[in-house]
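Counting from 1, the numbers follow the sequence of the chain as shown.
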Amino acid sequence: MGFLSAFHKRSSSDRQQPVDRFATILSTYLHRLETKGGATQERVLTLIARSPASPAARALSVHAKGLEREQISVQIIFAKLAPTDLLIELATALNIMPSDGASSASTIRFIKSPGLLNAHEQLVLGVNTCWTGDMLRRSEEQRNGLDILEEEDPGSVRLAQFAFNAIWDIARPAPSRAFVIRRTTPMPVVAPIVAAAELAAAENNSAPIRRTLPAITRH
């Protein structure tokens, strides 16, 4: 029996972890820094998430101003960069939108190697707090109930940091084109009678002119 098989499957009612839960974890982290202070290593946040739609990623947007105020260094690895609108929302909130063709390599990367999808979602806050979630490769319907929050546990945090750094070195920088929403321009609506007239005119202009000559016979 594998390690993850010991966890129960999520029911349809609790499959999506609420953003509020991660917002509370971040709020506690920021409050501790505000009241007690913290060294440079305590002001580092790393996240491995399935996509910008993951609750932990969306919670970063909620507390973006607090992260900036406390001068938190943020690094994120996504298994996929879509949905684009939530990626742009996060990058805008964290003030890391790429410009002039530059990438956001210093903050956001994404996984290209399928083998890395065996990694787990994780959020590390400073040197004392670490959250671990399910495998990146699992579909929402197949996710297990792995959900571990470890606080005041520097040993677990160090292991999570090693894992993050190893994946970060292999992951690809998020290209600037990933932050652009592509909209398809709809074709103009043309009335049927107008379209038919234009088609007839085009055929008259392009088709060769054929004239029937009278038959000539010899007597």
Side-chain angles (χ1 to χ4, degrees), residues 1-79 86 90 93-94 107-109 111 116-168:
M1 177 181 291
F3 173 73
L4 289 180
S5 62
F7 291 88
H8 297 293
K9 301 290 185 182
R10 293 176 184 267
S11 67
S12 58
S13 61
D14 64 358
R15 198 172 288 151
Q16 276 291 348
Q17 297 183 27
V19 177
D20 289 348
R21 183 200 174 197
F22 290 96
T24 299
I25 294 172
L26 286 168
S27 179
T28 301
Y29 167 63
L30 292 172
H31 179 71
R32 184 170 65 245
L33 290 178
E34 291 172 0
T35 56
K36 298 182 179 180
T40 301
Q41 61 268 29
E42 182 64 17
R43 299 178 185 275
V44 176
L45 182 157
T46 62
L47 171 66
I48 301 175
R50 181 174 286 101
S51 76
S54 297
R58 297 179 66 184
L60 295 185
S61 297
V62 175
H63 283 289
K65 291 183 178 180
L67 295 172
E68 182 179 10
R69 182 179 63 251
E70 294 301 321
Q71 299 180 330
I72 308 300
S73 171
V74 177
Q75 290 181 300
I76 305 169
I77 300 172
F78 286 128
L86 293 181
L90 176 61
L94 296 176
T107 304
I108 299 178
R109 294 190 178 187
I111 291 173
L116 294 179
L117 297 180
N118 287 327
H120 290 254
E121 288 190 298
Q122 70 172 37
L123 174 66
V124 178
L125 305 173
V127 296
N128 291 302
T129 303
C130 174
W131 167 81
T132 304
D134 205 353
M135 281 185 176
L136 296 171
R137 66 176 172 81
R138 291 186 187 274
S139 65
E140 199 62 41
E141 291 73 20
Q142 296 298 319
R143 296 186 71 184
N144 285 304
L146 181 60
D147 187 344
I148 302 173
L149 178 63
E150 297 169 280
E151 298 179 288
E152 303 301 327
D153 192 343
S156 295
V157 169
R158 282 196 297 272
L159 290 176
Q161 289 172 336
F162 289 148
F164 180 89
N165 291 337
I167 297 175
W168 180 266

(request) Specify the closest pair of heavy atoms between C130 and V124, including all atoms of both residues, with the distance to one decimal. (result) SG-CG2, 4.1 Å

(request) Applying side-chain contact (heavy atoms from CB on, under 4.5 Å), run through I148 and W131 and close with a yes or a no. (result) CA-CA 6 Å; I148 302 173; W131 167 81; 5.9 Å; no

(request) Would you give the length of the straight line joining atom CD1 of I77 to atom CD1 of I108, rounded to the nearest 0.5 angstrom? (result) 11.0 Å

(message) I'd like to know if the side chain of Q122 reaches the main chain of A160, judged simply by a donor and an acceptor atom lying under 3.5 Å from each other, with no hydrogens or angles considered.
(response) yes

(request) Enter the distance from L45:CG to H63:NE2 here, rounded to the nearest 0.5 Å. (result) 11.5 Å

(message) Just to verify, what does R32 make a salt bridge (charged side-chain N to carboxylate O under 4.0 Å, His left out) with, not counting sequence neighbours?
(response) E42

(message) Just verifying a value: how many Å separate D20 CG and R58 CZ, rounded to the nearest 0.5 Å?
(response) 10.0 Å

(request) Walk me through it: do L149 and I25 pass the test side-chain contact (heavy atoms from CB on, under 4.5 Å)? (result) CA-CA 9 Å; L149 178 63; I25 294 172; 4.1 Å; yes

(message) If we count only N and O atoms by modelled type, under 3.5 Å, do the side chains of T107 and Q75 hold a donor and an acceptor together?
(response) no

(request) Measure across A79 and L117 and return the closest heavy-atom pair with its distance rounded to 0.1 Å. (result) CB-CD2, 3.8 Å

(message) Looking at every heavy atom in both I167 and L116, which two are closest together, and how far apart are they?
(response) CG2-CD1, 4.3 Å

(message) I'd like to know whether V74 forms a side-chain contact (heavy atoms from CB on, under 4.5 Å) with T46, so could you lay out the CA-CA distance, the side-chain angles of the two residues, the decisive distance to 0.1 Å, and finally the verdict.
(response) CA-CA 6 Å; V74 177; T46 62; over 6 Å; no

(message) Keeping H120 on the side-chain end and T132 on the backbone end, is there a donor-acceptor pair under 3.5 Å?
(response) no

(message) Restricting to non-hydrogen atoms, name the atom on A64 and the atom on L94 that form the minimum distance, rounded to 0.1 Å.
(response) CB-CD2, 4.0 Å

(request) Give a yes or no answer on whether the side chain of R109 reaches the backbone of W168 with a donor-acceptor pair at less than 3.5 Å. (result) yes

(request) Keeping to residues at least two apart or across chains, list the salt bridge (charged side-chain N to carboxylate O under 4.0 Å, His left out) pairs with something in residues 59-75. (result) E34-R69, R43-E70

(message) Just to verify, what does D153 make a side-chain hydrogen bond (donor to acceptor under 3.5 Å, both in side chains) with, not counting sequence neighbours?
(response) S156

(message) Run the side-chain contact (heavy atoms from CB on, under 4.5 Å) test on V62 and L26 for me, step by step, so that the C-alpha distance in whole Å, both residues' side-chain angles and the decisive distance to 0.1 Å come before the verdict.
(response) CA-CA 9 Å; V62 175; L26 286 168; over 6 Å; no

(request) Hey, could you give me the OG1/CD distance between T129 and E152, rounded to the nearest 0.5 Å? (result) 6.5 Å

(message) Within this structure, what is the CD1-CG distance for the pair I48 and L136, rounded to the nearest 0.5 Å?
(response) 7.0 Å

(message) Testing the basics here: between P52 and F78, what is the closest heavy-atom pair and its distance to 0.1 Å?
(response) N-CE2, 3.6 Å

(message) Can you confirm whether P154 sits close enough to N128 that some side-chain heavy atom of one is under 4.5 Å from a side-chain heavy atom of the other?
(response) yes

(message) Whether the side chain of S27 engages the backbone of A23 through a donor-acceptor N/O pair (distance < 3.5 Å, no angle test) should be reported.
(response) no

(request) Give the minimum heavy-atom separation between V44 and T40, together with the two atoms involved. (result) CG2-O, 3.6 Å

(message) Quick one: does any side-chain atom of S54 pair with a main-chain N or O of A56 as donor and acceptor, under 3.5 Å?
(response) no

